[in-house]
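Notes follow once the structure below has been shown.
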Amino acid sequence: MSTRSQSSRKSKDSSVQESIFTSEPVDKLRIERELLSQGCRYICGVDEVGRGPLAGPVVCAAVIMPLDDASIIPGIDDSKKLTEAKRTALAERIRRTAVCCQIGIKSAQDIDRINILEATKLAMKEAIESLPITPDFVITDGNMTLDISIPQRYIIKGDARSYTIGAASILAKTYRDDLMTRLSIQYPEYNFASNKGYPSKAHIQAILDHGLCPEHRRTFTEKWAKD
């Protein structure tokens with residue numbers, strides 16, 4: 001490689017690194033402000049948790065948050081980036097502050113019957129349609145279009161880019177984590193309180209040792225056990 005090419009590559013690499021370390025923080029209210037400027041009042045954020053586990057339901061949250069400056073809750077972000085203590089504290093504050101919020105759940109049996117993608121969509125739809133106030137607009141995390149009559153937009157990595165979707169991600173995560181902790185009392189051999197149903201080595205070994213419980217997704221666990 002010529003000296004000139006090496007110099008050009010170093011310059012390009014330096015530029016990339018600089019853009020990473022000097023990038024501006026994400027404006028998590030940009031999408032909401034855009035919708036407010038278009039006349040929307042009630043903006044509903046929707047997110048899910050639990051698409052990947054071997055056990056337990058998929059849980060979706062739908063939430064409409066007040067968006068005036070005095071009501072904004074600092075620290076709302078993608079729930080996966082937060083500690084358990086931070087998520088719990090934020091979830092309590094979100095529930096107190098929200099205009100309204102609802103949870104949608106589809107069980108392991110639902111997931112086996114219609115597949116995880118369709119179960120997730122249905123849980124999202126049910127959460128939205130259970131809200132006591134009909135949203136003017138729905139924004140969802142990911143790349144799914146829902147079967148609803150309300151105007152909607154999906155946002156890739158929306159839980160990290162949107163304040164309202166971030167709030168929904170925290171509600172969904174804390175709800176499902178609490179549920180899996182309770183299931184761990186009923187099925188202690190699988191330690192759901194720790195793994196939340198995800199395929200940890202210890203969880204897989206427990207399946208090999210004890211077989212499946214009613215909360216396991218049969219379509220996810222065929223590799224290790226059969227009824």
Side-chain angles (χ1 to χ4, degrees), residues 26-51 56-106 119-180 196:
V26 174
D27 179 0
K28 293 186 175 66
L29 285 163
R30 181 185 63 80
I31 295 163
E32 285 84 349
R33 281 196 295 266
E34 177 185 317
L35 291 170
L36 289 170
S37 72
Q38 295 171 9
C40 297
R41 180 182 180 188
Y42 296 120
I43 300 165
C44 175
V46 183
D47 200 7
E48 57 74 26
V49 65
R51 291 184 67 183
V58 61
V59 173
C60 300
V63 61
I64 298 174
M65 297 296 290
L67 296 171
D68 58 288
D69 290 345
S71 299
I72 298 301
I73 301 172
I76 286 181
D77 202 348
D78 173 2
S79 63
K80 298 184 291 296
K81 298 179 180 179
L82 304 171
T83 64
E84 181 179 358
K86 184 69 171 176
R87 282 195 303 267
T88 300
L90 282 171
E92 182 179 348
R93 191 168 176 189
I94 290 165
R95 286 190 292 268
R96 288 200 314 263
T97 305
V99 175
C100 56
C101 58
Q102 285 290 341
I103 296 291
I105 302 174
K106 286 300 170 186
T120 302
K121 288 181 178 180
L122 277 179
M124 286 184 168
K125 180 179 180 180
E126 290 181 5
I128 295 164
E129 293 181 343
S130 297
L131 292 168
I133 295 173
T134 300
D136 297 312
F137 204 97
V138 170
I139 49 178
T140 61
D141 181 47
N143 60 356
M144 292 178 285
T145 300
L146 305 180
D147 181 21
I148 56 175
S149 59
I150 304 165
Q152 63 181 296
R153 173 183 173 188
Y154 64 73
I155 301 168
I156 305 296
K157 297 185 178 179
D159 48 4
R161 296 174 58 197
S162 160
Y163 172 81
T164 312
I165 297 176
S169 79
I170 291 168
L171 292 180
K173 172 69 173 166
T174 53
Y175 187 98
R176 189 179 187 279
D177 282 0
D178 288 346
L179 177 60
M180 296 307 294
K196 303 301 186 286

Is the backbone of Glu84 close enough, under 3.5 Å, to the side chain of Thr88 for a donor and an acceptor to pair up by distance? yes
How about CZ on Arg33, more than 12 heavy atoms from neighbouring residues, nucleotides or ligands closer than 6.0 Å, or not? yes
Is a donor on one side and an acceptor on the other found under 3.5 Å between the side chain of Asp47 and the backbone of Ala168? no
Indicate yes or no: at least one non-hydrogen side-chain atom of Asp177 is less than 4.5 angstrom from one of Arg87. yes
Cys44 versus Leu131: any side-chain heavy-atom pair under 4.5 Å? yes
Beyond-backbone contact of Arg176 with Ile105, side-chain heavy atoms, under 4.5 angstrom: no
At their closest point, which heavy atom of Ala160 faces which heavy atom of Lys81, and how far apart are they? CB-NZ, 3.7 Å
Using modelled atom types and a 3.5 Å cut-off, is there a donor and acceptor pairing between side-chain atoms of Arg51 and backbone atoms of Val58? no
Can you find a heavy atom in the side chain of Ile139 that is under 4.5 Å from one in the side chain of Leu35? yes
Could you tell me whether the side chain of Lys173 reaches within less than 4.5 Å of the side chain of Leu82, counting heavy atoms only? no
Side-chain heavy-atom pair Val49, Tyr175 within 4.5 angstrom cut-off: no
Does any donor atom in the side chain of Thr164 or Glu32 lie under 3.5 Å from an acceptor atom in the other side chain? yes
With rounding to the nearest 0.5 Å, note down the distance linking CD1 in Ile155 to CD1 in Ile31. 3.5 Å
In this structure, are over 12 heavy atoms from other groups packed under 6.0 Å from Glu34 atom CD? yes
Correct closest heavy-atom pair for Gly75 and Leu90 would be O-CD1, 3.5 Å
What one should report as the nearest heavy-atom pair of Pro74 and Arg93 is CD-NH1, 3.9 Å
Are the side chains of Leu171 and Cys101 in contact, using a 4.5 Å heavy-atom criterion? yes
Looking at every heavy atom in both Lys28 and Asp77, which two are closest together, and how far apart are they? CE-OD1, 3.3 Å
Starting at CZ of Arg95, measure out to SG of Cys100 and round the result to the nearest 0.5 Å. 14.5 Å
Rounding to 0.5 Å, atoms CD (Glu129) and CG (Asp147) come to a distance of 8.0 Å
From the list Leu67, Ile133, Ile43, Val63, side-chain contact (heavy atoms from CB on, under 4.5 Å) partner of Val99 resolves to Ile133
Close side-chain approach of Tyr42 to Thr134, heavy-atom, < 4.5 Å: no
So, taking the atom named CD1 in Ile170 and the one named CD1 in Ile73, what distance separates them when rounded to the nearest 0.5 Å? 8.5 Å
Value for NZ (Lys125) from SG (Cys60), rounded to nearest 0.5 Å, stands at 13.5 Å
Given Asp159 and Lys80, is the salt bridge (charged side-chain N to carboxylate O under 4.0 Å, His left out) satisfied, shown in steps? CA-CA 9 Å; Asp159 48 4; Lys80 298 184 291 296; 3.2 Å; yes
Strictly below 4.0 Å, N to O, side chains only: are Asp78 and Lys157 in salt-bridge contact? no
Got a sec: does the CZ of Phe137 have more than 12 other heavy atoms crowding it under 6.0 Å? yes
What are the two closest heavy atoms between Gly56 and Met180, and how far apart are they? CA-SD, 3.9 Å
Would you name the heavy atoms of Asp141 and Gly158 that are closest together and state the gap between them? OD1-N, 2.7 Å
Rounded at 0.5 Å granularity, tell me how far OG1 in Thr174 sits from CD1 in Ile103. 7.0 Å
